[in-house]
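For reference, the structure discussed in these notes is given below.
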Amino acid sequence: MAFEDVYAIVRKIPRGRVMNYGQIAGLIRHPLSARAVGWAMQQCPKGIPWHRVVNAEGGISTEMLTDPPRLQRLLLEGEGIRFDQSGKLSMSRYRWTPKKTRKK
DNA sequence: CCATTGACGAAGA
DNA sequence: TTCTTCGCCAATG
């Protein structure tokens, strides 16, 4: 699996919307490698809206891992996304699905 | 080459 | 509903 495919998808996520790791994995034909997608994001190059990728429960996985802690959440809130008391967002409401430009 | 770990997730207890 | 276990992919020790 090529990380490039992961980045290509993440780049298409519109502002104010999010996607989870497993969903991305499925789009690139690797439905069982959500963890690998996570690794790809860790290597994520500049210019990619990495903050729009959250886990399946709508929670932030990089909570204490980013430079300023909770950076991802701040960025998302900056795009109009709201979090509940448990620090999660509503996936049913913000999850986005790209148009499948099936190329191959 | 084998064991562990990790920005994950579904299933079982 | 909360916690634990297992599977899967890539990277590291």
Distances under 3.5 Å between protein N/O atoms and the N/O atoms of nucleotides 9-13 of chain B, please, pair by pair.
{"from": "B:dG9", "atom 1": "OP1", "to": "A:Gly22", "atom 2": "N", "distance (Å)": "3.3"}
{"from": "B:dG9", "atom 1": "OP1", "to": "A:Ala56", "atom 2": "N", "distance (Å)": "3.0"}
{"from": "B:dG9", "atom 1": "OP2", "to": "A:Ala56", "atom 2": "N", "distance (Å)": "2.5"}

Quiz: residues 41-50 of chain A side-chain donor-acceptor pairs under 3.5 angstrom, not counting sequence neighbours:
none

Rounded to whole Å, how long is the line connecting atom [atom1] of [X] with atom [atom2] of [N]?
X: A:Gln42; N: C:dT12; atom1: CD; atom2: P; result: 9 Å
X: A:Ile60; N: B:dA7; atom1: CD1; atom2: C1'; result: 10 Å
X: A:His30; N: B:dC8; atom1: NE2; atom2: P; result: 18 Å

message = Please identify which of these residues, A:Ile13, A:Asn20, A:Val18, A:Val37, meets the side chain to side chain contact (heavy atoms under 4.5 Å, CB included) condition with A:Val53.
response = A:Ile13

I'd like a table of donor-acceptor pairs (distance under 3.5 Å, sequence neighbours excluded) in which one partner is a side-chain atom from residues 58-68 of chain A, with atom names and distances.
{"from": "A:Ser61", "atom 1": "OG", "to": "A:Asn55", "atom 2": "ND2", "distance (Å)": "3.2"}
{"from": "A:Thr62", "atom 1": "OG1", "to": "A:Gln72", "atom 2": "OE1", "distance (Å)": "2.6"}
{"from": "A:Thr66", "atom 1": "OG1", "to": "A:Pro68", "atom 2": "O", "distance (Å)": "3.0"}

request  = Considering only atom P, compute the distance from B:dA3 to C:dC6 and round it to an integer number of Å.
outcome  = 16 Å

task = For C:dT5 and B:dT4, measure between their P atoms and round to the nearest Å.
result = 15 Å

ask   = Checking A:Tyr94 side chain against A:Arg82 main chain: does a donor-acceptor pair fall under 3.5 Å?
value = yes

remark   = For A:His51, the side chain to side chain donor-acceptor pair (under 3.5 Å) test, sequence neighbours excluded, returns A:Glu79

ask   = Between which residue ranges does DNA chain C form stems of three or more consecutive Watson-Crick or G-U wobble pairs, both distances under 3.5 Å?
value = B:2-6 with C:9-13, B:8-13 with C:2-7

For DNA chain C, the residues among residues 1-10 of chain A that have a non-hydrogen atom under 4.0 Å from it = A:Met1, A:Phe3

Heavy-atom check, side chain of A:Asp84 versus side chain of A:Leu89, under 4.5 Å = no

